[in-house]
Asker: 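First the structure, which I've put down as C-alpha cells, then a few questions once you've had a look.
Start at 1 with the first residue, then count along the sequence. As the structure lists them, so they are numbered: ligands from 1, and atoms in each ligand from 1.
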Amino acid sequence: MSEAQAIDLAVIGGTGVYALADLADAELHQPVTHYGAPSGPVRVGMIGERRVAFLARHGEGHSLPPHRINYRANLAALKSLGATRVLALNTVGGISERFGPRVLACPDQLIDYTWGRISTICEEPGTDVLHVDFGEPYSRSLRQQLIAAARSANVALVEDGCYGATQGPRLETRAEIARMRRDGCDLVGMTGMPEAGLAREMALDYACVAIVANWAAGTGPNPDEVITLQDVLDNVAAATGQVGKLLTVLLEP
Ligand code: HPA
C-alpha cells in the first residue's frame, strides 16, 4: 500500500478503544513527523471498500496520560498518510441529564480547561502565526455525515453537546463539575483539546464522537458513587458495537 493513496477516514481511539474490530488487512505504519513520533503505530486497512487509518491516542497499551500525548504528532502522522477526515473517539463523563453511561454523542461545542499542553503548530520561531476561526470547533460537514449515518444505522446518537476538556489525569471534584455545568458543559473528558484546535490549524476535517463511560463526579442518580476504571472500560466496551455500526454506514460507498 503506498502512502500516496488517500485515506477515507482516520479514527483516533480513546480510553478503551485500542483497535477497530472491522478493520481488515491492516498494515502497520510508524510515521515520524516534524513534531516527533505519534502515540503508536497507525494501522491502515479496509472497512468495506474504504481505506481507514486507526491510531490509539494513549498508545496501544494505554501508556500515555492525556497531558503527555503528542497531539501534534498524532494528527501530523495521520495527515502524512493521506487523511483529511479525522473522527476522534473520546471517552467522557456525562454531566447533564441527556448524557448517561453508554450514550454516544456528537458534540458541537467545547470549552478548554487544559493547561501546559502544546496547543498550536505556531510554536517555533519563523512559523506563520495562525489565528484560525474556531467558533464552530468541529467540522460541520463531518458532523452532518456522522449524524446522517447514525440515523440511517439506527444508532442512538445525541446530536449536540458541549465538551469540557480538563487536564487530568485525575478525575474532577464535584465542585469542578458543578462549575462546568454552570459554564454549559454537557460532557467532560481529558483529550478533546488541544486535539480539536490543532486539527483546525492543520486544516483537517475533524469531529468527535464521545462515548459516555460514567456520570461525572457528583452527578447522576448516585452522586456519591466512586468512579472506577473498570466501570469506565465496561461501559465503553458495551458501546463500541454501536460505534462500529455507525462507522459501517458512514463508510458505505
Ligand atoms: N472526567 C474526565 N474524563 C473522563 C471521565 C470523567 O468523568 N470519564 C471518562 N473520561
Side-chain angles (χ1 to χ4, degrees), residues 11-19 39 55-69 71 74 87-117 119 137-138 156-158 160-197 206-243:
V11 180
I12 303 177
T15 300
V17 185
Y18 305 112
S39 300
L55 172 64
R57 185 185 286 112
H58 295 273
E60 291 189 340
H62 199 116
S63 51
L64 291 167
H67 63 293
R68 290 261 171 232
I69 292 167
Y71 296 93
N74 285 354
L87 169 60
L89 301 178
N90 294 86
T91 299
V92 299
I95 298 176
S96 46
E97 291 64 29
R98 292 184 296 155
F99 300 92
R102 304 188 183 189
V103 164
L104 299 183
C106 187
D108 60 340
Q109 277 299 324
L110 66 77
I111 299 178
D112 187 7
Y113 300 90
T114 67
W115 48 270
R117 303 181 182 188
S119 57
Y138 301 106
L157 177 73
V158 180
D160 63 348
C162 179
Y163 178 116
T166 56
Q167 178 68 2
R170 66 165 177 81
L171 296 168
E172 298 72 34
T173 66
R174 292 178 197 158
E176 284 168 338
I177 294 296
R179 180 182 76 154
M180 291 178 74
R181 187 200 286 274
R182 289 193 298 276
D183 284 352
C185 295
D186 298 300
L187 305 162
V188 54
M190 301 174 190
T191 54
M193 284 295 283
E195 199 173 86
Y206 174 98
C208 161
V209 167
I211 305 171
V212 182
N214 56 278
W215 287 111
T219 67
N222 303 308
D224 292 340
E225 205 169 37
V226 171
I227 301 163
T228 69
L229 181 61
Q230 198 52 53
D231 286 344
V232 166
L233 294 176
D234 288 350
N235 285 324
V236 174
T240 50
Q242 293 300 96
V243 175

Asker: Which residue and non-hydrogen atom of the protein lie closest to atom 4 (C) of ligand 1, and at what distance in Å?
Answerer: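 Looking at atom 4 (C) of ligand 1, the protein heavy atom closest to it is Val188 O, 3.7 Å.
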Asker: Over 60° means perpendicular and under 30° means parallel, so classify the ring planes of Tyr206 and Tyr138, tilted if in between.
Answerer: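 Answer is parallel, since the angle falls under 30°.
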Asker: Enumerate the atoms of ligand 1 whose separation from the nearest heavy atom of Glu172 is less than 4.0 angstrom.
Answerer: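 The list of qualifying atoms is 1 (N), 2 (C), 6 (C), 7 (O).
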Asker: When you look at CZ of Arg68, are more than 12 heavy atoms from neighbouring residues, nucleotides or ligands closer to it than 6.0 Å?
Answerer: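 No - once you tally the heavy atoms of other residues, nucleotides and ligands closer than 6.0 Å, there are 12 at most.
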Asker: Residue-level breakdown please: for Val232 versus ligand 1, do any non-hydrogen atoms fall below 4.0 Å on the side chain, on the backbone, on both, or on neither?
Answerer: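 It is neither; nothing of Val232 touches ligand 1.
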Asker: At the 4.0 Å heavy-atom cut-off, does Leu171 count as touching ligand 1?
Answerer: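 Within the 4.0 Å threshold, so yes.
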Asker: Numbering the atoms of ligand 1 from 1, which are under 4.0 Å from a heavy atom of Asn214?
Answerer: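 By the 4.0 Å cutoff, the relevant atoms are 5 (C), 6 (C), 7 (O), 8 (N), 9 (C).
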Asker: State the atoms of ligand 1, each with its element, that fall below the 4.0 Å cut-off from a heavy-atom position in Gly93.
Answerer: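 Under 4.0 Å from Gly93, ligand 1 has these atoms: 4 (C), 5 (C), 6 (C), 7 (O), 8 (N), 9 (C).
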Asker: Would a distance-only check, ignoring hydrogens and angles, find a side-chain to backbone donor-acceptor pair under 3.5 Å from Asp186 to Cys162?
Answerer: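 Yes.
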Asker: Pull out every atom of ligand 1 sitting under 4.0 Å from any heavy atom of Met190, numbered as shown with elements.
Answerer: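 By the 4.0 Å cutoff, the relevant atoms are 2 (C), 3 (N).
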Asker: Is there a nitrogen or oxygen of Trp215 sitting under 3.5 Å from a nitrogen or oxygen of ligand 1?
Answerer: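 No, no N or O pair falls under 3.5 Å.
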Asker: Tell me whether Glu176 is salt-bridged to Arg181, with the criterion being a basic N under 4.0 Å from an acidic carboxylate O.
Answerer: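 Salt bridge absent between Glu176 and Arg181.
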Asker: So which heavy atom in the protein is nearest atom 10 (N) of ligand 1, and how far is it from that ligand atom?
Answerer: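 Heavy-atom neighbour on the protein nearest atom 10 (N) of ligand 1: Thr91 O, 3.3 Å.
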Asker: Say whether, by atom type as modelled, one donor and one acceptor occur between the side chain of Arg57 and the main chain of Tyr18 under 3.5 angstrom.
Answerer: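 Looks like no, no N/O pair under 3.5 Å.
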Asker: Looking at Asp112 and Arg117, is any side-chain nitrogen of the basic one under 4.0 Å from a carboxylate oxygen of the acidic one?
Answerer: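 No, no charged N to carboxylate O under 4.0 Å.
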Asker: Counting N and O atoms only, with roles assigned by atom type, does the side chain of Asn214 sit under 3.5 Å from a partner on the main chain of Asp231, one being a donor and the other an acceptor?
Answerer: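 Absent.
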